[in-house]
Number of protein chains: 2
Amino acid sequence: MTTMVKVAKLAGVSISTVSHVLNGTRHVNDETRQKVLKAIEETSYRQDALARAMRRNRTDSIGLIVSDGGEPAFAEMIRGVEETAAKQGVTLLLANSAEDPRREARAVQALLERRVDGIILARAAGSGPEALADFAGQGTPLVLMDRLSEDPFDQVGVENRAPVKELVQHLTGQGHERILLVAGDTRVATLRERHEAFTDAMESAGVPAAKQLVVIAESAKKTDAGIRAALSRSTPPTAVIACSTVLAAAALRQIQQRGLRLPDDLAFAAFDGFAYADLFEPQLTTVRQPAFQVGATAAELLAKRIADKGAEPSVVRLAPTIEYRASTGTTPTA
Amino acid sequence: MTTMVKVAKLAGVSISTVSHVLNGTRHVNDETRQKVLKAIEETSYRQDALARAMRRNRTDSIGLIVSDGGEPAFAEMIRGVEETAAKQGVTLLLANSAEDPRREARAVQALLERRVDGIILARAAGSGPEALADFAGQGTPLVLMDRLSEDPFDQVGVENRAPVKELVQHLTGQGHERILLVAGDTRVATLRERHEAFTDAMESAGVPAAKQLVVIAESAKKTDAGIRAALSRSTPPTAVIACSTVLAAAALRQIQQRGLRLPDDLAFAAFDGFAYADLFEPQLTTVRQPAFQVGATAAELLAKRIADKGAEPSVVRLAPTIEYRASTGTTPTA
DNA sequence: CTGAAAGCGCTTACAG
DNA sequence: CTGAAAGCGCTTACAG
């Protein structure tokens with residue numbers, strides 16, 4: 001490999017000068033600069049980012065840990081982070097915890113060892129407060145993405161309460177009283193928030209908590225069982241709200257198995273939705289997240305934090321849009 | 001930050017010994033080791049992967065450049081690479097070229113500067129031979145993923161010719177003669193192979209190249225125009241094969257706009273398909289790629305190559321499976 | 001305007 | 001079984 005020493009020799013200058021030409025860190029005579037650039041060209045020299053990072057105490061790289069790279073919403077967030085990081089000239093190190101707190105912890109350690117300038121974390125479902133311990137005080141900058149918490153870190157996610165409230169009002173406005181919420185694993189902040197908002201909104205609509213229909217479960221199997229039980233009640237739900245793509249898929253499978261039709265037998269709405277869903281039947285009412293934007297914002301917050309570690313943490317909530325389609329009956333005129 | 005010097009002082013040993021305890025690179029008295037481990041614990045020492053990489057001339061990291069992180073198939077490949085790399089104790093650096101050769105070239109340089117141990121590359125559509133120049137000879141190991149070439153590198157992708165042949169035979173066997181192939185940008189190796197196989201298979205079925213219906217286009221706009229033109233012929237196609245998810249979506253939109261119904265007005269089959277498509281109508285006949293496995297295999301090939309730079313390059317083709325559904329009429333009994 | 005030199009935090013022959 | 005020291009390829013005060 002060519003190093004700065006070789007370039008310096010060929011150009012007849014010191015390695016200091018080569019370094020300063022490379023980085024533009026101090027003035028260099030135009031003649032000298034040309035010699036250096038020529039030598040760089042001839043030796044096809046490439047800077048060693050490792051050595052540079054070690055001296056500068058900065059790697060120009062960031063880490064991203066997602067909880068479920070298989071979810072389309074997370075795939076979009078990854079794209080948002082990658083694109084923004086690339087624009088910043090920052091390299092992205094990617095890890096997937098697959099909802100396993102132990103894998104998450106290992107990923108954090110690996111990224112910290114690699115001395116990334118900061119980390120963006122979408123926490124795994126069972127991830128406890130100890131996962132954030134390495135970031136408290138003046139440690140490595142951290143941005144929480146999608147799954148937010150009360151901790152004093154920069155955070156970016158979506159508004160979860162407002163869309164649930166709107167959906168509930170829309171459905172109760174159509175006369176639905178028995179609405180099933182498929183909430184899934186409420187250890188996940190997004191799902192917890194949606195569940196809480198549901199409880200409140202139903203209460204406001206005159207359905208006390210004790211009479212509300214909710215499926216909360218930490219595994220796919222238990223979710224399926226819960227949905228099955230709810231659908232086979234003697235007074236079954238007339239509407240379903242599923243709180244994620246995976247939960248919507250689970251609910252739709254059960255609904256199809258029972259031979260129920262949307263929206264005649266059952267109204268249906270889902271968070272996140274399905275890619276290219278506009279091409280297929282049934283057309284589902286969907287709460288669409290600005291997932292790419294969430295990722296992009298996370299990268300921007302992290303860059304700001306890296307530049308100024310003293311600033312107050314900021315929490316950004318982006319607004320999803322509700323796309324009303326045939327699965328909840330007629331489109332509201334509002 | 002705690003360094004080895006601090007640990008060594010606290011344990012009353014040399015930094016050599018600390019290093020050897022950490023890496024298990026030579027025998028250390030049990031008593032001495034315990035002292036070192038205790039000091040590591042007390043100082044909450046964390047190894048600096050940068051300094052380590054610089055001395056060892058190895059970063060234990062690999063780079064992955066995908067051409068379109070938005071495609072579900074690539075999202076799956078990313079997961080396959082990530083999971084396999086994590087098992088190997090290797091960190092993944094991710095870049096997305098978004099089908100732009102210039103972004104691809106920049107990503108290659110950035111990864112090389114970071115001295116990754118190897119790179120996995122799914123080339124952008126317009127990426128020329130110069131993109132591979134840095135990897136010829138005994139340069140950084142390279143594995144080509146999904147989009148293969150004739151160059152002497154390790155490669156992993158899917159079998160493209162056999163499924164096209166099978167689909168064509170299936171359709172011609174049902175009496176279809178005017179089959180439209182939506183091939184897209186045939187600068188992309190996978191799409192080129194599918195197109196070539198189509199030409200051959202149709203020829204074998206008695207349709208000479210001059211009479212075959214094919215849409216080849218480098219942009220979404222031209223693709224749309226081509227599909228529209230094909231569907232509005234006086235003798236329109238009776239069947240469509242779309243060579244990717246994006247192309248299938250483009251074709252389906254045109255088909256819906258014209259009010260055509262599957263499979264009565266038109267038989268339809270697509271490569272890659274749509275996530276959760278089993279839940280929706282119409283049910284599409286799909287060539288399903290083992291995308292996760294492609295990614296996992298790429299990471300394995302790269303690890304082998306890093307371990308043995310002298311070995312002959314190997315080319316792996318994984319077999320897709322064709323899932324026949326209602327969009328091509330009755331399921332064949334074969 | 002430029003150069004000589006210290007030092008980032010490790011690994012690894014070399015020596016005992 | 002362990003330590004002293006060189007050196008990986010850079011950046012950056014310091015000096016002139």
Side-chain angles (χ1 to χ4, degrees), chain A residues 1-37 39-40 43-61 89 91 109-117 140, chain B residues 1-37 39-40 43-61 89 91 109-117 140:
Chain A
M1 230 181 64
T2 315
T3 70
M4 278 182 36
V5 173
K6 197 160 153 193
V7 173
K9 265 188 195 136
L10 187 64
V13 300
S14 73
I15 61 164
S16 310
T17 299
V18 176
S19 173
H20 284 117
V21 167
L22 238 27
N23 301 310
T25 32
R26 85 176 172 196
H27 186 83
V28 176
N29 247 358
D30 202 52
E31 203 182 335
T32 318
R33 150 179 287 113
Q34 294 308 331
K35 282 193 296 187
V36 170
L37 291 175
I40 287 173
T43 54
S44 55
Y45 168 77
R46 177 161 31 225
Q47 208 169 18
D48 184 326
L50 252 48
R52 182 158 201 265
M54 188 148 91
R55 277 290 357 212
R56 296 181 68 219
N57 217 6
R58 167 164 189 156
T59 56
D60 290 321
S61 66
T91 299
Q109 292 311 315
L111 293 173
L112 254 21
E113 284 182 2
R114 264 158 178 106
R115 296 181 46 183
V116 290
D117 297 336
T140 301
Chain B
M1 229 182 65
T2 316
T3 71
M4 278 182 35
V5 173
K6 196 159 154 193
V7 173
K9 266 190 194 135
L10 187 62
V13 300
S14 74
I15 62 165
S16 312
T17 298
V18 175
S19 174
H20 285 118
V21 168
L22 237 28
N23 301 310
T25 32
R26 85 176 174 196
H27 186 83
V28 176
N29 247 357
D30 202 52
E31 204 181 333
T32 318
R33 148 179 288 113
Q34 294 307 332
K35 280 193 297 188
V36 171
L37 292 174
I40 288 173
T43 55
S44 55
Y45 167 77
R46 178 163 28 228
Q47 209 168 18
D48 184 326
L50 252 49
R52 182 159 201 264
M54 187 149 93
R55 277 288 0 210
R56 296 181 67 218
N57 217 6
R58 167 165 189 155
T59 55
D60 291 321
S61 66
T91 299
Q109 293 312 315
L111 293 173
L112 254 21
E113 283 182 2
R114 266 159 175 106
R115 295 183 44 187
V116 290
D117 297 336
T140 301

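Naming convention: chains lettered A, B, ... in sequence-line order (proteins, then strands); numbering from 1 in each chain.
Legend: salt bridge (charged side-chain N to carboxylate O under 4.0 Å, His left out) pairs involving residues 6-33 of chain A, not counting sequence neighbours: none detected. Sorted by first and then second residue, the salt bridge (charged side-chain N to carboxylate O under 4.0 Å, His left out) pairs with a member in residues 52-61 of chain B read B:Arg56-B:Asp60, B:Arg58-B:Asp60, B:Arg58-B:Asp117; sequence neighbours excluded.
Between A:Val36 and A:Val28 there is no side-chain heavy-atom pair separated by less than 4.5 Å. Taking the side chain as every heavy atom from C-beta outward, A:Thr32 and A:Val21 never approach each other to under 4.5 Å.
Side chain of A:Thr43 to main chain of A:Thr2: no donor-acceptor pair is present (N/O by atom type, distance under 3.5 Å, no hydrogens or angles).
Toward the 5′ end of DNA chain D lies the nearest nucleotide of A:Ala51, the other residue of the pair A:Ala51 and A:His20 mapping further downstream. Along DNA chain D, the nucleotide closest to A:Leu22 and the one closest to B:Ile15 are compared, and the more 5′ of them pairs with B:Ile15. Each of B:Arg26 and B:Arg55 was assigned the nucleotide of DNA chain C with the nearest heavy atom; the assignment lying further toward the 5' end belongs to B:Arg55.
Among the heavy atoms of the strands, none lies under 4.0 Å from B:Thr25. Looking at heavy-atom distances under 4.0 Å, A:Ser16 makes contact with a base. Looking at heavy-atom distances under 4.0 Å, A:Ser19 makes contact with a base. Among the heavy atoms of the strands, none lies under 4.0 Å from B:Val5. Within 4.0 Å of A:Asn57, counting heavy atoms only, lies no atom of the nucleic acid at all.
For A:Thr3, the side chain to side chain contact (heavy atoms under 4.5 Å, CB included) partners two or more places apart in sequence, or in a different chain, are A:Val5. The side-chain hydrogen bond (donor to acceptor under 3.5 Å, both in side chains) test applied to A:Gln109 returns A:Asp134, B:Arg46, not counting sequence neighbours. With sequence neighbours excluded, the residues forming a salt bridge (charged side-chain N to carboxylate O under 4.0 Å, His left out) with A:Arg115 are B:Asp48, listed by chain and number.
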Secondary structure of DNA chain D in dot-bracket form (Watson-Crick or G-U wobble, distances below 3.5 Å, | marking inter-strand pairs): |||.||||||||.|||

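At a cut-off of 3.5 Å, with distance as the only test, a side-chain donor of B:Arg114 or A:Thr91 sits close to an acceptor on the other residue.
In 5' to 3' order, the nucleotides of DNA chain D bounding all contacts with chain B (an atom under 4.0 Å from a heavy atom) are D:dC1 to D:dG9.
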